[in-house]
Asks: 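One structure is given below, represented as structure tokens, and several questions about it will come after.
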Amino acid sequence: MTEFLDSVDDLAGQIPDGSRVAVPPDYSGCAMAVVRALIRRGARALDLLGVPQVGFQGDMLIGAGCVAAVETAALTLGEYGPAPRFIQAIKSAQIRMRDSTCPAIHAGLQAAEKGIPFMPLRGILGSDVLVHRDDWKTIGNPFGDDDRLVVLPAIRPDVALFHAALADRAGNIWIGVRRELMLMAHASRQTLVSVEEISDDDLLSDDRYAAGTIPSLYISAIAQAPRGAWPVGLKGYYPPDAQHLKDYVALAATEDGFQNYVETFINASRSDLDVSA
Amino acid sequence: MTEFLDSVDDLAGQIPDGSRVAVPPDYSGCAMAVVRALIRRGARALDLLGVPQVGFQGDMLIGAGCVAAVETAALTLGEYGPAPRFIQAIKSAQIRMRDSTCPAIHAGLQAAEKGIPFMPLRGILGSDVLVHRDDWKTIGNPFGDDDRLVVLPAIRPDVALFHAALADRAGNIWIGVRRELMLMAHASRQTLVSVEEISDDDLLSDDRYAAGTIPSLYISAIAQAPRGAWPVGLKGYYPPDAQHLKDYVALAATEDGFQNYVETFINASRSDLDVSA
Amino acid sequence: MYRLEELLIVTIATMLDGLGHVAVGAASPVPGAAALLARARSQGSLRVSLLGSRRHNAFTDGGRELFDCAAQGRIDAFFLGGAQIDGEANINLVGVGDYRQPKARFPGSFGSSYLYFLVPRVILFSLEHSPRVMVPKVDFISAPGVSPEGVYRPGGPYALVTNRCVFAFSREARRFRLLTVHPGEDLDSVRSNTGFDFDAPDAPPETPTPSEAELALLRGRVGREIAEVYPAFAKRQWNIEEVNGAERQPASTEESIGARFH
Amino acid sequence: MYRLEELLIVTIATMLDGLGHVAVGAASPVPGAAALLARARSQGSLRVSLLGSRRHNAFTDGGRELFDCAAQGRIDAFFLGGAQIDGEANINLVGVGDYRQPKARFPGSFGSSYLYFLVPRVILFSLEHSPRVMVPKVDFISAPGVSPEGVYRPGGPYALVTNRCVFAFSREARRFRLLTVHPGEDLDSVRSNTGFDFDAPDAPPETPTPSEAELALLRGRVGREIAEVYPAFAKRQWNIEEVNGAERQPASTEESIGARFH
């Protein structure tokens, strides 16, 4: 049964140190308020998976020392420029990086979704991405002659963490077209979701909503967090807080500046509402 | 670009004899009016794929001599009893049967969807389903020791054929939660759809509909066919015509009775409206 | 007084108590009612996914989701039948006689070749306990009852419930063991109607009969719930009319489809 | 008069004319505008899938659909960049120096390691044509320009468009060939800014400059369309304000989320 928790801090409390945590890109649905709760809590040794890439969540968690390893097709802040804490951590070898490519992450999660140990994938051969992934292999196509292809082990995260617009009281989550969130939930052992709003109606009773809904079967716990995707925004609901994101990138250029950011925008408030309103 | 055709007969005209045609089960969205058009046209040598099983469409097409081969996890008329024309055709070896199992058909289509030559799958080992499928193989799990599993070749149908409630003028198709129809469209070379209604609004502009919509990118041609799923029904729109289905099963018990059914309900009318109204 | 189906429903429901998620396939009114009975008394802890139901079916990822869900380990129990079932719990849903030109042909294996491997507690169910169904060796193995070591198989047969008795299945012994016989049956009547050998106590106990509380639940709430998917069954068993057609369809069915969209 | 970006947009658009479906990834305003220009003059036959767009992005199956769609052979052209690009069309989106402790680190390979193999016409694009970017050998191969025989590869590099010139790529010769130089450039200026060897005619022709009709389309309809995804770019290039914020969001954004549902 899906648990309803009181706060994003409680939700963050469901993520033990050392967990492999899958998170979506900035344009999907980012549980930024939970990320801040993880930083407040002083989470450690997380193994972060970008599905298939990760943005501000990654840079912030890395800067705060919460992350031991990252697997992603990219860690990017998009138009806001290079990700300062990520780059610093990579250059100083503070985190273990497993570079991937977008479809390989989707395929690895689909293998977990199907309960199969691996998924074959075209492309990738001859790239240094493959060279540096000693957990990936190549095999001969059993239905072809002299046709090698890459096989990727299933990716089964301990936790899928994201933010969505709407839950209902049964624990169903409406994600609309952001179907990668459903894949994350199917593939992960636990799925933790912060939501803008909790509705009294049944999302599954209306086909229009059901088509874009993850059933509560896959949802471990939910906490309401209005504007919980601030500052990266939630498409269709509120835009990125561009000025704040620019300010973050400028501050995070130095270790001191980043600590400053954490003190002001993360540690100072237990509730994120104060900051994001 | 998606073509809009004038009639179900025109839609059936897009399916050459000998095509490998994927169709959904009775409870999904069956293009029954197009099936009748195929029978009127005297289609031949179709290779029918049930996704993952097939019902009345299969029995009718087989009875009418349109089918050379069937791949399916089941050919079932559900509570209406054994499928008379299918059983007769099997017993007299008139069609080539490739028995499968539901998840193997989904997995084969997913392989085609991902453009990979095969998909591994658990289970199946030690079954006679596997014994009789010389197109299936087993391999060792490249990430395991002494762990064999089945690999299934990609299934790329020539045509996906189904019925849906709603299209828009751009050729997008709303399927709601009937997601196997999207998989069929992704995996197939051509997708042909009959619909209850064609809307002037853009299905993709509203997230509630977009989540359950197949983009026109995958749709080759559409024809409007009100009550086009009669007599098996379209969930949420009109129920199965139980009396008609019972009558079909009774008539189809004999070759003569089946011909009688074809004359009365299929050949007699160019437009299905006369029959189903 | 109770009907045979009620005895079977209650017997199966007992095997589901305490589980988290039970799935029920097509054409399975008795297992479906058993799952809903177990759910009704679980105080909300048992989830039931009933193929064909709108209210008891949460899947939103198409036909593959049931199978993926089982492979993820998220389904605790499932039901399978068999036109033939043999003593090693092999089941046949395909045909009798030669595969290419069979004497009898059934619809096909459906998902059995897969779910039998992946769902921990697969309950076999048959309303025809006769030598024709309970055979020494099935003519076609849709899904094998046991697998050699090394085959990935978290699931498999748990019990066989028939119109005569209840068997448990031992994966180690690769054999059925008679647990209880239904009222009116005994070891001899079961043996003479079973084409395969099985273990049995000398005097097998009788299958526990339904309690008044179970029958009340069954004839009330559970009957109304199963009527959504199996109206003819509910009518026949309990004279329950489908409560309300609207439950089977979206609220807006009466509107034109266009109106739904606009 | 025209701007460099306008020259590049028109140059790329010409490479897309006649295609059926062009996809454009993130952070690609110039390729995006080129795709929209080609679409505007295709009379409806070119479909453009623009990452980040609502109006020009039909995908409904999550993040994987772009990649699956390419593997199905349904995408004719795509664009890739590179922090480094070498003479065999290898691209590097990862880092400079040692992989484990690099001198410079970039975001990562994104989908390049895959799409470069599967999209028939991959157009490389760079606004920094310098020896720093156009290197003899990339430090990290995010995606190789060519593959040995036997590797499944329906796709690959088609051209390299930079701020100085246009190269075509020959998969057989495994080399770039200079096609045209932009106004103000010549073979020498290109050679001295390119770290890899390439084929070239003695006197490479000048890149065709945009016509008045092209500039009008670009500064009107295409500018307004690209402003949906790249408002800063459209403002800088053409002083086009995002026409209407509502186009970026569902019509019902102003309502509360609850109101959307009820």
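Just so it is clear, the structure is predicted and the values come from calculations on it, not from any experiment. Here is the naming used below: chain letters follow the sequence lines, and residue numbers restart at 1 for every chain. We use all heavy atoms of the structure for the numbers below, so side chains are in, but hydrogens, waters and symmetry mates are not.
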Asks: Would you call C/F117 and B/R122 a side-chain contact if the rule is heavy atoms closer than 4.5 Å?
Replies: no
Asks: Among B/L130, B/T101, B/D146, which residue forms the greatest number of heavy-atom pairs with chain C at distances under 4.5 Å?
Replies: B/T101
Asks: Would you say CZ of C/R171 has more than 12 non-hydrogen atoms from neighbouring residues, nucleotides or ligands within 6.0 angstrom?
Replies: yes
Asks: I'd like to check B/M97 versus C/R105 (side-chain heavy atoms, cut-off strictly below 4.5 Å). Are they in contact?
Replies: yes
Asks: Test side chain to side chain contact (heavy atoms under 4.5 Å, CB included) on C/V94 and B/D128 and set out the steps.
Replies: CA-CA 10 Å; C/V94 164; B/D128 286 336; over 6 Å; no
Asks: When you measure from the side chain of B/K91 to the backbone of C/P102, do you find a donor-acceptor pair of N or O atoms at a distance under 3.5 Å?
Replies: no
Asks: Given a strict heavy-atom distance threshold of 4.5 Å, which part of C/A104 is in contact with chain B: side chain, backbone, both, or neither?
Replies: backbone
Asks: Under 3.5 Å, is there a donor-acceptor pair between the side chain of B/E180 and the main chain of C/G63?
Replies: yes
Asks: Let me know if B/L183 has heavy atoms under 4.5 Å from chain C in its side chain, its backbone, both or neither.
Replies: side chain
Asks: What part of B/T72 lies closer than 4.5 angstrom to a heavy atom of chain C: side chain, backbone, both or neither?
Replies: neither
Asks: Heavy atoms under 4.5 Å from chain B: which residues of residues 108-115 of chain C carry them?
Replies: C/G108, C/S109, C/F110, C/G111, C/S112, C/S113, C/Y114
Asks: So which part of B/Q53 gets closer than 4.5 Å to some heavy atom of chain C, the side chain, the backbone, both or neither?
Replies: side chain
Asks: Pull out the residues in residues 81-91 of chain C that come under 4.5 Å of chain B, heavy atom to heavy atom, sorted by number.
Replies: none
Asks: Determine the interplanar angle of the B/H132 and C/F140 rings, folded into 0 to 90°, and report it as parallel if under 30°, tilted if 30 to 60°, perpendicular if over 60°.
Replies: parallel
Asks: Verify the neighbour count for atom CG of B/D145: are there more than 12 heavy atoms of other residues, nucleotides or ligands below 6.0 Å?
Replies: no
Asks: Do other residues, nucleotides or ligands put more than 12 heavy atoms under 6.0 Å from the CZ atom of C/R3?
Replies: yes
Asks: What residue in B/L121, B/L109, B/I105 has the most heavy-atom pairs under 4.5 Å with chain C?
Replies: B/L121
Asks: Which atom pair, heavy atoms only, marks the closest approach of C/I141 to B/G126?
Replies: CG2-O, 3.8 Å
Asks: For B/A93, which atoms come within 4.5 Å of any heavy atom of chain C: side chain, backbone, both, or neither?
Replies: both
Asks: Would you mind telling me which of B/T76, B/V51, B/L77 has the largest number of heavy-atom pairs within less than 4.5 Å of chain C?
Replies: B/T76
Asks: What is the minimum heavy-atom distance between C/S142 and B/S127, and which atoms define it?
Replies: O-CB, 3.4 Å
Asks: Output the distance between atom SG (B/C102) and atom CZ (C/R64), rounded to the nearest 0.5 Å.
Replies: 14.0 Å
Asks: Give the member of B/D99, B/D147, B/I90 that has the highest number of heavy-atom pairs under 4.5 Å with chain C.
Replies: B/D99
Asks: Applying a criterion of heavy atom separation less than 4.5 Å, what residues of residues 25-34 of chain C form contacts with chain B?
Replies: none
Asks: Where does C/N57 contact chain B at under 4.5 Å (heavy atoms): side chain, backbone, both or neither?
Replies: neither
Asks: For chain B, which residues from residues 144-153 of chain C lie under 4.5 Å away (heavy-atom distances)?
Replies: C/P144, C/G150, C/V151, C/Y152
Asks: In terms of heavy-atom proximity below 4.5 Å to chain C, should B/S28 be classed as side chain, backbone, both, or neither?
Replies: neither
Asks: Could you tell me the separation between the CG atom of B/L75 and the CZ atom of C/F106, rounded to the nearest 0.5 Å?
Replies: 14.5 Å
Asks: What residue, out of B/P82, B/G78, B/P103, has the most heavy-atom pairs lying under 4.5 Å from chain C?
Replies: B/P103
